[in-house]
Amino acid sequence: MSDHYLPGLEHVIASETSISYLDVEKEEIVIRGYDLMELAEQMTYLDVVGLLLEGELPNETRRQAIESQIQSVYGLPPNVRAMLHLMPDRADMMDVLRTSISALASFDDELDDRSPEANGRKAIRLLAKVPQIVAYGYRAITKQPLIEPDPKLSYSANFLYMITGTIPSPMEVAIYDQSLIVYSEHELPNSTFAARVIASTQSDIYGALVGAVASLKGTLHGGANEAVMHMLLEAGSEDDLEALIRSKLARKERIMGFGHRVYMRKPDPRALLMKEALAKLAPACNQQELYDMCVRGENVMRTEKGLHPNLDYYAAPVYYLLGIPIELFTPVFLAARTVGISAHVMEQHANNRLFRPRVRYTGARDLHPLQVERLSESEDEIV
């Protein structure tokens, strides 16, 4: 066995997949052969749902059918809804998601059917219910009335409506839909890898998604969008943001929203797309200074550290102006990524090999328990 060790599995190829690939040299995120940026600019989130789950872009009839399938399974089991109201006010929304998705599994009659057809149906049910958990969970713990989905609204419009309680404008829907697309799939980050590891045991799709939620709650994977928004609000102006960033750099603190293990030398193309979205949304919300602040921060980090913004840096102010509470930024990320994770679980189940890596051992060797016992006795006698 080779003892070659790469901390964090960096550069290790852990899976074969036909779902997505990060081609850094071409600055392209490939989703089943398509450039994710072109999909985000020309397609809808449900088009990408069809592509990820079924392997090809749906035509208009199929896309409408997917939307109808999702609408037909809207609604949470009464016991899950009741559970949301029992969550304490201090509950982290990622914990609410993790608990609620786990509970949902018990209500799925196809839970233990790992066939591609059954997994596809479960993925559709999750796409219907995870946004409702995000919206209902937050409203329940903040003592606000729950907003039921409106059958006249599109998938993305409903998602935003259930969170804010206000029917979004066409521009807001388009921007939000685009954000869901760019968050939908990103090859093999920690949360997706966690889901595939769990799925490799032949565990069910709900359990794999719960593992992904737990992974995404960790601050080294999720939460960057929330941290970015808190930093922007703390600064409040262009000059103050530059001063804040410089002071953090002087203290060698990490600036959230910059750098990425994959995008080391080139910009994250998803961030550029959300920057364009913010440029449209900010003036419409009379928040031009927020856009200007973000650009100033980007320029400072590029000059001082040679770092580019990642998706979270510009998605954060976009979500803020859309009226999404900061506590929901990461749960929304997970809801958007549910389709990508589901596709990976389906692929893992279809061509499975159990993940079972080895370790490089750094502990002691050649110890003997009787020697330890006699040593203890001799020490007692000396005392």
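Everything quoted here is computed from the prediction, not taken from an experiment.
N119 and H349 are linked by a side-chain donor-acceptor pair at a separation below 3.5 angstrom, with hydrogens and angles left out of the test. With hydrogens and angles left out, the side-chain atoms of S215 and N190 include a donor and acceptor closer than 3.5 Å. Side-chain contact of H186 with S20: a donor-acceptor pair under 3.5 Å is absent, judged by distance alone.
Every residue two or more places apart in sequence or in another chain was checked for a side-chain hydrogen bond (donor to acceptor under 3.5 Å, both in side chains) with T99, and none qualifies. Scanning for salt bridge (charged side-chain N to carboxylate O under 4.0 Å, His left out) contacts around D113 gives an empty result, with sequence neighbours left out. Scored by the side-chain contact (heavy atoms from CB on, under 4.5 Å) test, A14 finds L188, F193, F355 as partners (sequence neighbours excluded). Under the rule for a side-chain hydrogen bond (donor to acceptor under 3.5 Å, both in side chains), the partners of R251 that lie at least two apart in sequence or sit in another chain are E253. Listed by chain and residue number, L220, M256 satisfy the side-chain contact (heavy atoms from CB on, under 4.5 Å) test with R254 (two or more places apart in sequence, or in another chain). Every residue meeting the salt bridge (charged side-chain N to carboxylate O under 4.0 Å, His left out) condition with K152, not counting sequence neighbours, appears here in chain and number order: D150.
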Tabulate below the donor-acceptor pairs under 3.5 Å that side-chain atoms of residues 317-336 make, not counting sequence neighbours, or state none.
residue	atom	partner	partner atom	Å
Y319	OH	S179	OG	2.9
T330	OG1	G223	N	3.2
T330	OG1	N225	OD1	3.3
T330	OG1	E226	OE2	2.8

Can you list, pair by pair, the side-chain donor-acceptor contacts under 3.5 Å of residues 275-295, counting residues two or more places apart and other chains?
residue	atom	partner	partner atom	Å
K275	NZ	E298	OE1	3.1
Q288	NE2	D292	OD1	3.2

Pairs under 3.5 angstrom only: tabulate donor-acceptor contacts from the side chains of residues 101-111 to other protein residues two or more places apart or in another chain.
residue	atom	partner	partner atom	Å
D108	OD1	E110	N	2.9
D108	OD1	R125	NH2	3.1
D108	OD2	R125	NE	3.0
D108	OD2	R125	NH2	3.3
D108	OD2	Y206	OH	2.5
E110	OE1	R121	NE	3.1
E110	OE1	R125	NH2	2.8
E110	OE2	R121	NE	3.1
E110	OE2	R121	NH2	2.5

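Between the K122 side chain and the I205 main chain, no donor and acceptor come within less than 3.5 Å of each other.
Residue pairs meeting the salt bridge (charged side-chain N to carboxylate O under 4.0 Å, His left out) criterion with at least one partner in residues 214-225, sequence neighbours excluded, are D95-K217.
Counting Ile, Leu, Val, Met, Phe, Trp and Tyr side chains that sit under 4.5 Å apart, directly or through other members, L153 shares a hydrophobic cluster with I147, Y161, I167. Hydrophobic side-chain contacts under 4.5 Å tie Y21 into a cluster, directly or through other members, with V30.
The closest side-chain heavy-atom distance from R196 to V345 is not below 4.5 Å.
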